[in-house]
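Not measured: the values here are computed from a predicted model.
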Amino acid sequence: MKSRVIVFISAIGLLLGSCTIVRQGEVGVKRSFGKIKPEPLMEGARGFNPFTTTIIKLPTRTMNMEVRLPLPSKEGLTVQSDVSILYRLEGSYAPKVIENLGRNYEQVVILPVFRSAVADISSQYFAKDMHTGQRAGIEKSIKDLMMAQLKDRGFVIEAVLLKSIVLPAGLTKAIEDKLEAEQDAQRMQFVLDKERQEARRRTIEAEGVRDAQKIIAEGLTPLLIRFKAIEAFNKLSTSPNTKVIITNGDQPLMLNSDKLE
């Protein structure tokens, strides 16, 4: 009786042990008698003989590989940086990856390719460029160089991100001083431009007043002045207030009557 129970339990264990599940974001590779099967196993339940076969599962989702390393610059300085490498494995290449690189492919191929690429690219830039707007260009160049070497091996490099750039102390101070000087120069240029605009405005205003006065002066002919004087006499004559008007015939001089008393 006991032997039957043991056989039954062993059979159940064998049955359960001969099935595995390949989940989403994974791909399976079957190895039978030490030989890799060329067809990858996609998502789902997979049965196999545990005595002769092994199912190796690899991730196909985006992976983040963190690396801290010194970056050589064009002027021979060393810049410390933390770098994130975002990559993923193409599922169809999984059998070849296991056969040629093994499961430790990050250390075998991705990291060495990254170190080579980052040394080639960073040495083309000055240290200060890694701390400015050119960082995005450096990241893209490293990514493109890595893709050129890894795409035929089944890896897709999605992004290379330079983080925590630490420049040499002396260079950091020099960059800060330069940026401050540039900001001061920009502020001074703004003030100068503003003063030039104000001077230009005053010039235009003065020219306008001059032109207006010139036009008025040119229009004040003796006949016009006499005509305006006659109009003034007419208006004064219709005024209800008592006034004394002294004139030479051209221009009136008006005196209030209360001031004559």
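Side-chain contact between R31 and I56: present, with at least one pair of heavy atoms (C-beta onward) separated by less than 4.5 Å. Two residues are said to be in side-chain contact when any heavy atoms from C-beta on lie closer than 4.5 Å; F114 and V67 meet this criterion. Side-chain contact between T78 and L71: absent, with no pair of heavy atoms (C-beta onward) separated by less than 4.5 Å. When side chains are defined from C-beta on, T62 counts as touching E158, because their heavy atoms get closer than 4.5 Å. Between Y87 and M63, the closest side-chain pair of non-hydrogen atoms falls below 4.5 Å. Contact of the Y125 side chain with the Q134 side chain is registered, since non-hydrogen atoms from C-beta on lie closer than 4.5 Å. Residues E26 and T60 form no side-chain contact, since every pair of their non-hydrogen atoms from C-beta on lies 4.5 Å or further apart. The shortest distance between side-chain heavy atoms of M42 and V27 falls below 4.5 Å.
Heavy-atom minimum distance, S32 versus T53: OG-OG1, 2.9 Å. Shown here for M147 and I157, the closest heavy-atom pair between the two residues is SD-N, 3.0 Å. When every heavy atom of Q124 is checked against every heavy atom of D120, the shortest pair comes out as NE2-O, 3.2 Å. Taking both residues in full, the closest heavy atoms of P112 and Q107 are given as CD-O, 3.4 Å, listed atom of the first, atom of the second, then distance. Taking all atoms of both residues into account, the shortest heavy-atom contact from I98 to R103 is CD1-CG, 3.7 Å. Between P72 and S122, the shortest heavy-atom distance links the atoms O-OG, 2.9 Å.
Here F33 contributes atom CZ and T54 contributes atom OG1; the two are 11.0 Å apart, rounded to the nearest 0.5 Å. Residue K143 holds its NZ atom at 10.0 Å from CG of L86, rounded to the nearest 0.5 Å. A distance of 8.5 Å separates CG in L111 from CG in L69, rounded to the nearest 0.5 Å. Atom CD1 of I110 is separated from atom CD of Q149 by 12.0 Å, given to the nearest 0.5 angstrom. How far NZ of K35 is from OG1 of T52: 14.0 Å, rounded to the nearest 0.5 Å. Between atom CZ of residue R46 and atom OG1 of residue T20 there is a gap of 10.5 Å, rounded to the nearest 0.5 Å.
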For this session: Take V83 and L161 through the side chain to side chain contact (heavy atoms under 4.5 Å, CB included) test and state the conclusion after the steps.
Result: CA-CA 6 Å; V83 185; L161 307 175; 5.9 Å; no
Problem set entry | Evaluation steps, side chain to side chain contact (heavy atoms under 4.5 Å, CB included), between V97 and R153 | CA-CA 7 Å; V97 169; R153 292 179 175 267; 6.0 Å; no
For this session: Begin from the C-alpha positions of F155 and Y105 and carry the test ring-ring contact (aromatic ring centres under 6.0 Å, His included) through to its verdict.
Result: CA-CA 10 Å; F155 297 100; Y105 48 80; 5.3 Å; yes
For this session: Decide side chain to side chain donor-acceptor pair (under 3.5 Å) for E66 and N64; before the verdict, give the C-alpha distance in whole Å, the side-chain angles of both, and the deciding distance to 0.1 Å.
Result: CA-CA 6 Å; E66 297 280 349; N64 180 16; 3.0 Å; yes
Problem set entry | side chain to side chain contact (heavy atoms under 4.5 Å, CB included) assessment of V29 paired with L41 | CA-CA 6 Å; V29 178; L41 303 177; over 6 Å; no
For this session: Go through K96 and E90 one step at a time and tell me if the side chain to side chain contact (heavy atoms under 4.5 Å, CB included) criterion holds.
Result: CA-CA 11 Å; K96 290 183 178 179; E90 291 282 5; over 6 Å; no
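A salt bridge links R68 and D82; the closest N-O separation between the charged side-chain nitrogens and carboxylate oxygens is under 4.0 Å. Ion pairing between a basic and an acidic side chain is recognised when a charged N comes within 4.0 Å of a carboxylate O; E205 and R202 show no such pairing. The pair R23-E43 does not count as a salt bridge, with every side-chain nitrogen at least 4.0 angstrom from each carboxylate oxygen.
Within a 6.0 Å radius of CZ in R135, other residues, nucleotides and ligands contribute more than 12 heavy atoms. Shown here is Q24, whose CD atom has no more than 12 heavy atoms of other residues, nucleotides or ligands within 6.0 Å.
Every side-chain contact (heavy atoms from CB on, under 4.5 Å) that I204 has, sequence neighbours left out, goes to R200.
Side-chain atoms of D193 and Q189 include a donor-acceptor pair closer than 3.5 Å.
Using a 4.5 Å cut-off between side-chain heavy atoms of Ile, Leu, Val, Met, Phe, Trp and Tyr, with links allowed through other members, V109 and I85 fall into the same hydrophobic cluster. I55 and I21 fall into different hydrophobic clusters, defined by Ile, Leu, Val, Met, Phe, Trp and Tyr side-chain heavy atoms under 4.5 Å apart, directly or through other members.
Distance alone, capped at 3.5 Å, is enough to place a donor-acceptor pair between the S81 side chain and the K163 backbone. The backbone N or O of L162 sits less than 3.5 Å from a side-chain atom of E139, completing a donor-acceptor pair.
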